Amino acid sequence: MDSQFPTGLPFMKMHGAGNDFVIIDSRGRGAVTTPALARALGDRNRGVGFDQLAEIRDSETADFALDFWNSDGSRAGACGNATRCVSDYMMGQLGREAVHLVTPRGDLRAVRLADGRVSVNMGQPQRDWTELPLSHAVDTDHLPLPGDPVAVGMGNPHCVFFVPDAEAVDVAQDGRRIETDPLFPQRTNVEFASLTGPDRLRMRVWERGAGITLACGSGACATAVAAHLRGLTGRRVTLDLDGGVLEIDWREDGVWMAGPVARVFDGMLSPAFLDGLL
Ligand SMILES: N[C@@H](CCC[C@H](N)C(=O)O)C(=O)O
């Protein structure tokens, strides 16, 4: 048995627009997550189940630091919806309406809006092929793939397809195939979007390392950026996802994303579950 947590390891379950997360607060001690723990915990039958695991750590330069893991045990450089969820929790902890955090993508800021939603500045999009990264130099506005997708980085890679009807796409089949296309040496998240009104998009997503999810915050940011670059929308866009609505505003200081957050339950991982995973 692992003796580091003789009475178990506490966690929270939260979701942002249906994108669901297990959150471990490791402030005041070292980080605990391993690929094996993320995989076991991410299993919806034998673990708790999540799209991403987010671990909060102490930071010397910000209110807190945040790391992200996908349910297949891989790490992610960004997770917009988990950032909004954890920021909501940390605002409660600190008694504040705004927080500053450090993620693998860099420093981010989040604020609570008057209606209770949480908005985060996800930074400026990455448009150079080396930043995504892609396997070789190509025009990121028009990737050399059937369907003419756009590549946008938000601290993690996204491949955005504009289609006449997002409902008609076989997201499982097409998403899985594009995720591992050789053009993406670190794999990619895949978004399928269609214009449904002025500055309004329907978006469905296949997430790298997690498969189909009900929402993806960085994916919504990437899709809004791509839609503006393609001349389909302005810089403020509303996206309808399977799990809820996200509002994106691409401002001079970065891409802001606002949406709902919910804390679902608090739980405890038993020492027996943790055995051999830490
Ligand atoms: N759900 C996310 C993105 C999570 C990471 C992604 N699967 C990756 O591997 O890049 C979000 O809300 O941004």
Side-chain angles (χ1 to χ4, degrees), residues 13-23 33 35 38-39 41-42 49-55 66-89 101 103-106 108 110 117-126 131-134 151-160 171-172 175-176 178-181 184-193 203-226 239-248 254-262:
K13 185 83 190 280
M14 296 188 77
H15 78 85
N19 206 184
D20 72 334
F21 313 109
V22 161
I23 295 160
T33 306
R39 267 193 305 274
L41 200 45
F50 60 73
D51 295 329
Q52 276 79 40
L53 168 61
E55 183 166 19
L66 200 50
D67 290 319
F68 310 108
W69 300 75
N70 288 310
S71 51
D72 72 350
S74 62
R75 297 190 81 137
C79 180
N81 282 324
T83 301
R84 294 189 310 97
C85 287
V86 174
S87 296
D88 183 65
Y89 162 72
L101 64 147
T103 70
R105 111 143 287 195
L108 303 179
R117 290 179 306 155
V118 173
S119 182
V120 59
N121 181 351
M122 293 291 290
Q124 292 295 354
Q126 300 155 311
E131 294 177 295
L132 266 295
L134 301 176
V152 179
M154 291 302 309
N156 55 355
H158 295 271
C159 180
V160 182
V171 177
R176 188 187 302 277
I178 300 295
E179 177 187 358
T180 54
D181 189 282
F184 305 99
Q186 296 177 10
R187 302 186 284 156
T188 188
N189 300 287
V190 189
E191 288 79 21
F192 302 94
M203 185 194 113
R204 297 173 67 205
V205 62
W206 173 271
E207 283 197 39
R208 173 179 68 170
I212 292 177
T213 61
L214 298 184
C216 174
S218 53
C221 294
T223 300
V225 166
L239 290 105
D240 295 297
L241 297 100
D242 288 338
V245 176
L246 294 173
E247 284 180 359
I248 310 298
V255 183
W256 286 83
M257 171 187 40
V261 297

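Note that ligands are numbered from 1 as they come in the structure, with each ligand's atoms numbered from 1 the same way. Please read all numbers here as calculations on a predicted model, not as lab measurements.
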Give the residue, atom name and distance (to 0.1 Å) of the protein heavy atom nearest [atom].
{"atom": "atom 6 (C) of ligand 1", "result": "Asn189 OD1, 3.2 Å"}
{"atom": "atom 2 (C) of ligand 1", "result": "Cys79 SG, 3.2 Å"}
{"atom": "atom 12 (O) of ligand 1", "result": "Gly217 N, 2.7 Å"}

Near [X], which atoms of ligand 1 are under 4.0 Å from a heavy atom of that residue?
{"X": "Ala78", "answer": "3 (C), 4 (C), 5 (C)"}
{"X": "Ser218", "answer": "3 (C), 11 (C), 12 (O), 13 (O)"}
{"X": "Asn156", "answer": "5 (C), 6 (C), 8 (C), 10 (O)"}
{"X": "Asn81", "answer": "11 (C), 12 (O)"}
{"X": "Gln52", "answer": "1 (N), 2 (C), 4 (C), 5 (C), 7 (N)"}
{"X": "Asn70", "answer": "5 (C), 6 (C), 7 (N), 8 (C), 9 (O)"}

Please name the pair of heavy atoms, one in [X] and one in [Y], separated by the smallest distance, quoted to 0.1 Å.
{"X": "Gly209", "Y": "Asn70", "answer": "O-CB, 3.4 Å"}
{"X": "Cys216", "Y": "Glu207", "answer": "CB-OE2, 3.6 Å"}
{"X": "His158", "Y": "Leu132", "answer": "N-CD1, 4.2 Å"}
{"X": "Gly217", "Y": "Leu246", "answer": "CA-CD1, 4.1 Å"}

Arg75 to ligand 1: N or O pair under 3.5 Å?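 N/O-N/O distance below 3.5 Å does not exist for this pair.
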
What about Gly80: any of its N or O atoms under 3.5 Å from an N or O on ligand 1?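 Yes, at least one N or O pair falls under 3.5 Å.
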
Evaluating non-hydrogen atoms only, which member of Arg187, Met257, Glu207, His158 is closest to atom 3 (C) of ligand 1?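 The option holding the nearest heavy atom is Glu207.
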
Within the structure provided, determine whether Met14 and Asp88 are in side-chain contact (heavy-atom separation under 4.5 Å).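 Yes, side chains in contact.
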
Close side-chain approach of Met154 to Pro125, heavy-atom, < 4.5 Å: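 Yes, at least one pair of side-chain atoms sits under 4.5 Å.
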
Given side-chain contact (heavy atoms from CB on, under 4.5 Å), test Asn19 with Arg84 step by step and report yes or no. CA-CA 11 Å; Asn19 206 184; Arg84 294 189 310 97; over 6 Å; no

With heavy atoms under 4.0 Å as the rule, classify the contact between Asp51 and ligand 1 as side chain, backbone, both or neither.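 Neither; nothing of Asp51 gets under 4.0 Å from ligand 1.
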
Examine the proximity of ligand 1 to Thr213 and report which part, side chain or backbone, both or neither, has a heavy atom under 4.0 Å away.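 Neither part.
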
What do you reckon, does [X] put a non-hydrogen atom under 4.0 Å from ligand 1?
{"X": "Asn19", "value": "yes"}
{"X": "Ala210", "value": "no"}
{"X": "Gly209", "value": "no"}

One pair to check against side chain to side chain donor-acceptor pair (under 3.5 Å): Ser218 and Asn156. What are the steps and the verdict? CA-CA 8 Å; Ser218 53; Asn156 55 355; 3.1 Å; yes

Side chains of Glu55 and Thr33: do they bring a donor and an acceptor to under 3.5 Å?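 Yes, side-chain donor-acceptor contact under 3.5 Å.
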
Any Lys/Arg nitrogen of Glu179 or Arg187 sitting under 4.0 Å from an Asp/Glu carboxylate oxygen of the other?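 So Glu179 pairs with Arg187 through a salt bridge.
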
Go through Thr83 and Phe68 one step at a time and tell me if the side-chain contact (heavy atoms from CB on, under 4.5 Å) criterion holds. CA-CA 9 Å; Thr83 301; Phe68 310 108; 3.4 Å; yes

